[in-house]
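Data first, discussion second: the structure below is written as C-alpha cells.
Note on naming: letters A, B, ... go to the chains in the order of the sequence lines (proteins, then strands), and numbering restarts at 1 for each one.
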Amino acid sequence: MRILVVGDGKVGHTIAEQLTREKHDVVIIDQDDEVLNKCEDTLDVICVRGNGANAKVLLDAQADRADILIATTASDETNMLCGLIAKRLGTKYIIARIRDPEYNDSLTLLQRELGIDMALNPERATALEISRLLRFPFASNIESFAKGRVEMVEFRAQEHDVVVGHALKDLARMRGLPQVLYAVIERDDRVIIPTGDFIIQAGDRVHVAGEMVTITAYFQYLGKNSLRVRRVMLLGGGRISYYLAKMLVPMGIRVNMIEINERKATLLSEMLPDVKMIYGDGTDQELLDQEGLRDMDAFVTLSDRDEENLMTGLFAVRQGVPKVIVKNNRVAYAGIINSLGLDSVVSPKSITCANILRYVRGRVNSEGTKVERLYRLMDGKAEALEFIARPGDPYIGIPLKDLRTRPGALVAVIVRKKQVIVPFGNDHIEAGNSVVILTRDSGITDLNEVIRR
Amino acid sequence: MNYRLIVRLLGAILLLEALTMLPSLVIALIYGDGDAMALLLSMVITAAAALPMQLLFRPEEKNLRAREGFVIVALAWVALSAFGALPFVFSGVLSNYVDALFETVSGFTTTGSTVLQVFEGQPHGIMFWRSFTHWIGGMGVLVLTLALLAQMIGRASHLMRAESPGPEFSKILPKTGNTAKTLYLIYGALTVVEFVLLIAAGLSPYDAAIHAMGTAGTGGFSNYGASVGELNNPSVEIIVTIFMIIFSINFALFYRTLTGHLRESLRSEELHWFLAIFVIAAAAITFIILPQYGSFGTALRHGCFQVATVMSTTGYATADFNLWPEAAKMILFLLMFVGACAGSTAGGIKVVRIALLIKQGLREVLRTIQPRRVSVVRFEGRGVEQSMLSQITVFFFVYIALVLVGAFLLSLFGPYGFETNFTAALTCVSNVGPGFGAVGPMGNFAGYGTMGKITLILLMLAGRLEIFPILVLFHPATWKRSS
C-alpha cells in the first residue's frame with residue numbers, strides 16, 4: 001500500500017520504519033531538510049519537503065494515489081487540515097493525531113466533517129491502557145486477540161506462586177488450576193516459546209493466554225486477584241491524568257491527583273469535581289507520605305519527565321504500593337526499568353504507534369493480505385499473529401500432533417465460532433477458524449508457513 | 001567498512017554478469033562463427049569467481065553506509081569490466097588483454113570508443129556482447145542488481161545514488177527495488193520499440209538489435225566501420241536520431257507521463273534547456289555545413305544526427321565531422337561537455353548542472369552591480385540550495401581538471417597532437433565516443449599504447465560514475481577504520 005506520513009517526529013519516524021519493514025510504499029513529508037536527509041539515508045522511502053497541509057506538496061507526494069495518510073505533525077490544526085485536503089485529493093483513509101482536549105468533545109463532528117477515518121489521541125489512548133491495567137492489576141500487560149475473546153496477560157512469577165518449579169506438562173495435570181496457555185516466557189532478556197518440559201522460575205515474566213474468564217480464575221487460584229484497586233494516586237496533572245481521572249471516577253475508584261502548578265491544579269479541580277486535587281511537588285517523599293501513599297492500591301506516575309517518573313515509581317514500590325504504573329517514553333530505558341522491578345510501563349509513543357499500525361494492518365487485511373492482526377510483544381522480540389484458516393489449506397482437519405510446526409513458533413489459540421480452544425496435540429483447525437500464532441521470527445505472512453503436513 | 005557485505009555483493013553482481021553473457025552465447029550458437037566456446041568459457045570463469053564470494057561471505061550487518069555504497073559501485077564497475085573483457089580475449093577478436101579491457105570499459109560506460117580496426121567478418125556473438133554491454137551499462141549494473149535482488153541489501157538507495165547520473169538522485173517509487181524495476185521496464189520497452197522500428201526501416205534483426213542497444217545505452221558501438229553512415233539508410237538515421245534524443249531525457253519524466261502526468265513532464269525545466277540547446281546547435285550546424293552538402297535536407301539530417309549523437313553522448317556518426325568547418329566542430333566540441341539530462345542513460349556534465357552554472361554566473365554579475373540584492377537561483381520552480389550549487393561548481397571544476405590531467409597524460413604516452421589528445425580525454429570522460437583528429441568518427445583509439453589506453457579506461461570509468469565514486473576508491477580515508 002502507498003502510505004504518506006506527514007511529520008517525521010518520534011511517532012512518525014517509528015511508524016514509517018515499521019511500515020517499510022512490512023513492505024509498504026512510504027512517502028514522508030516534512031519541512032525540515034536535515035530530518036529528511038537522515039530519513040532518506042536510513043529508510044527506503046521517498047521524502048518530500050514542504051508543509052503537509054499544502055495541496056501542491058500533497059500532490060507532489062501523490063496523495064491522489066495514496067491509500068492511507070498519517071498526519072503526526074506537532075500541530076493538531078495542521079493534522080486536521082492535512083487530512084481534509086488529502087481526502088479531497090483522493091487519499092482513501094486518513095489517520096490524524098488530534099490531542100488537544102478542547103477538540104476531544106467535538107471529535108465525532110470534526111471527524112465526520114473533515115473526513116478523518118481515525119483520530120488518534122495519544123494521551124487518551126494511554127489513559128485507556130492505564131485504566132485497563134488498573135482493572136486487572138495482577139497483569140503488567142494485556143493484549144487482546146480474536147476481537148477481544150482471547151486475552152494474553154503478562155505477569156511476573158514470584159517465589160511462592162504454585163506454578164513455579166513445575167514443568168508445564170505437570171501444570172496441565174494440576175488439579176484445580178484453571179488451564180491456560182503458557183505462551184511466551186521472558187527470562188533475562190531472552191524470549192522463550194516453552195515446550196512441555198519447561199520449568200517456570202521465580203522472576204520469569206510469564207505470558208499466559210486464554211479467555212478472560214479462565215484467566216481471571218487462574219489468577220484467583222494463584223492468589224493474585226485478591227487485589228482490587230479502590231484508591232489510586234496520580235502524579236502530575238497533565239492530559240493523561242485528566243482523561244484517566246474521567247475514566248476511573250465512574251468505575252468507583254477514588255482518585256488523588258498531585259499537581260505542582262497551583263493554577264493548573266485549581267483549574268483541574270474545577271473540571272474534575274470528584275477528584276481530590278493536591279497542590280505540591282509529587283516527587284517530594286514527605287508530601288507523598290502525608291497524602292497517604294502507603295494506603296493507596298495503585299500509584300501512577302505521569303509527570304513530563306521520564307526520570308522523575310521512574311524514581312518516584314521506585315519509591316512507591318519500596319513503600320509497598322501493590323500496583324505501580326510508570327510512564328516512560330524512552331524505549332532505551334525499557335530494559336533497565338524491568339530489571340528494577342517496575343513491571344507496568346506505559347509509553348504514549350509506543351501506544352500511538354501500535355494503534356496506528358493496528359489500523360493500517362486492518363486496512364491491509366481488507367485489501368487481501370492474510371495476516372488478520374499482528375502484535376509485537378516485548379519490544380518486537382516476539383510476534384503474535386492472527387490468521388483466518390481458509391478452506392482447502394492442507395492443514396485443515398488434521399490433529400496438530402500430526403503437523404510439522406515451524407521451529408520457534410507455536411499455535412497458541414484456535415477460536416471456533418464462540419469457542420476458544422487452547423490447543424493440545426489432538427485438536428485440529430477447521431476452515432474459518434481464527435488461529436493465533438506466536439513466533440520469534442518476524443515476516444511470516446501466511447499460516448502455511450507455520451504449519452505443514 | 002563492511003568488507004563481507006562488499007565482497008558478497010560483488011559476487012552477486014558478477015554472477016549476474018555471467019547470466020548477461022547468455023544472450024550473446026545464444027547468438028553465437030545461432031550464427032556458428034566459432035565464438036560460442038569463448039563465451040561459454042568466460043561465463044564459467046566469471047561464475048566460478050563469483051560463487052565463492054557469494055557463498056563464503058555472510059555479512060552480519062545488511063545495512064549499507066554511504067561510503068560503502070560508493071566503494072561497491074566503483075569496485076563493481078572495475079570487476080565487471082575485468083571479467084567482461086574475457087570473451088574478446090578468448091575469441092581472439094582482441095587478443096591483447098588491455099585492448100579487450102578498453103573495449104569492455106568503453107562498452108559498459110556507454111562511451112563507444114573502439115580499438116577495433118577490422119569490423120568485417122567478426123564473430124556475431126562477440127559483437128553482440130560488445131553492444132550488450134552498452135545496454136547493461138546504460139541504465140546501470142547496480143540498478144539491474146537492485147531490480148533483481150533488492151531484498152539482499154539494506155539501505156540500497158546508497159547504491160543507486162552512487163550510480164545514477166545527475167546532481168540529485170530522486171526515486172520514482174518509494175521502494176528502491178521497485179524504482180529499479182520500473183526504470184528497467186521503461187528502458188527495455190523503449191529499446192524494443194526502437195528495435196522493431198529499425199527492422200521496419202529495413203535493417204536485419206541482428207543489425208537492428210546492435211543499433212537499438214547502442215542507442216538505448218547511448219553507447220555508440222556499431223558493427224560497421226563507418227558506423228550508422230555505412231547503412232546508407234535515411235529512415236534508419238532519422239529513427240536513431242529520435243531515439244538518441246529520447247534516451248537523453250530523464251526517465252522519471254517517462255514514468256510521470258505513463259502515470260498520466262504528461263503536462264507536468266512537458267513543464268520540466270531541464271527538458272526545455274536540453275531541447276533549446278539541441279535546436280540552436282542543430283540549426284547553427286545545418287546552416288554552417290549547408291555549402292558543403294548543397295541540399296538543405298541532407299544538411300539538416302546530418303546536422304541533427306551529429307548534434308544528437310554528441311549531446312546524448314552516443315557517438316554514432318553518419319558524417320565525418322572531422323571534415324566540417326571549424327565553427328561546426330567547435331559547436332560539437334562544446335556539446336561534448338554538456339551531455340544530456342540527469343537521470344537518463346547519457347553522460348557528460350548534464351544539462352541541469354550547466355543550466356545552474358549559467359544561472360549562478362548571471363546571479364554573480366547581478367550581485368556585482370547591486371551588492372545588496374538578494375536573489376535565489378531557481379530551478380524546476382523551486383529555489384536551489386546553496387550547498388547544491390557549490391557541489392555543482394566543485395563538480396564542474398573536477399570534471400575540467402580530469403579532462404586536462406587526462407589530456408596531459410595522453411600527450412606523455414601517445415603519439416598524437418593536441419587536438420587528438422584533448423578531445424580523446426574529453427570524449428572518454430563524457431562517454432561520447434569519437435573525438436577529433438585521429439580519434440574522429442572514422443578513426444579509432446588503437447594508436448594509443450598500453451599506458452594511454454589505461455589512462456582512457458580510468459577516464460571512462462570516472463566519467464560514467466560522475467568521478468567521485470572512483471576518487472573515493474583512491475582516497476586513503478575510505479579504507480581507514482572510522483573512529
Heavy-atom closest contact (A:Lys23 atom, B:Lys175 atom, distance): C-NZ, 3.3 Å
Pairs under 3.5 angstrom only: tabulate donor-acceptor contacts from the side chains of residues 386-398 of chain B to other protein residues two or more places apart or in another chain.
{"unit_1": "B:Gln386", "atom_1": "OE1", "unit_2": "B:Arg363", "atom_2": "NH2", "d": "3.2"}
{"unit_1": "B:Ser390", "atom_1": "OG", "unit_2": "B:Gln386", "atom_2": "O", "d": "3.0"}
{"unit_1": "B:Ser390", "atom_1": "OG", "unit_2": "B:Ser387", "atom_2": "O", "d": "3.2"}
{"unit_1": "B:Thr393", "atom_1": "OG1", "unit_2": "B:Gln360", "atom_2": "NE2", "d": "3.4"}
{"unit_1": "B:Thr393", "atom_1": "OG1", "unit_2": "B:Leu389", "atom_2": "O", "d": "2.8"}

Candidate list A:Asp44, A:Val45, A:Val27, test side-chain contact (heavy atoms from CB on, under 4.5 Å), partner B:Lys171, passing option: A:Asp44
Audit row: B:Leu173, A:Arg2, side chain to side chain contact (heavy atoms under 4.5 Å, CB included) steps and yes/no: CA-CA 10 Å; B:Leu173 287 168; A:Arg2 198 182 182 88; 4.2 Å; yes
Salt bridge (Lys or Arg N to Asp or Glu O under 4.0 Å) pairs, two or more places apart, involving residues 376-391 of chain B: none
Pairwise distance CG(A:Asp64) to NE2(B:His261) - rounded to 0.5 angstrom: 5.0 Å
Neighbourhood of chain B inside residues 30-37 of chain A, taking heavy atoms under 4.5 Å as contact: A:Asp33
Neighbour count >12 (heavy atoms, 6.0 Å) for atom NZ, A:Lys10: no
Flag if over 12 foreign heavy atoms under 6.0 Å of NE2, B:His475: no
Residues that B:Arg353 engages under salt bridge (Lys or Arg N to Asp or Glu O under 4.0 Å), provided they are two or more places apart: B:Glu466
Donor-acceptor under 3.5 Å (A:Asp25 side chain, B:Pro174 main chain): no
When A:Val26, A:Thr42, A:Thr20 are compared by non-hydrogen pairs under 4.5 Å with chain B, the top option: A:Thr42
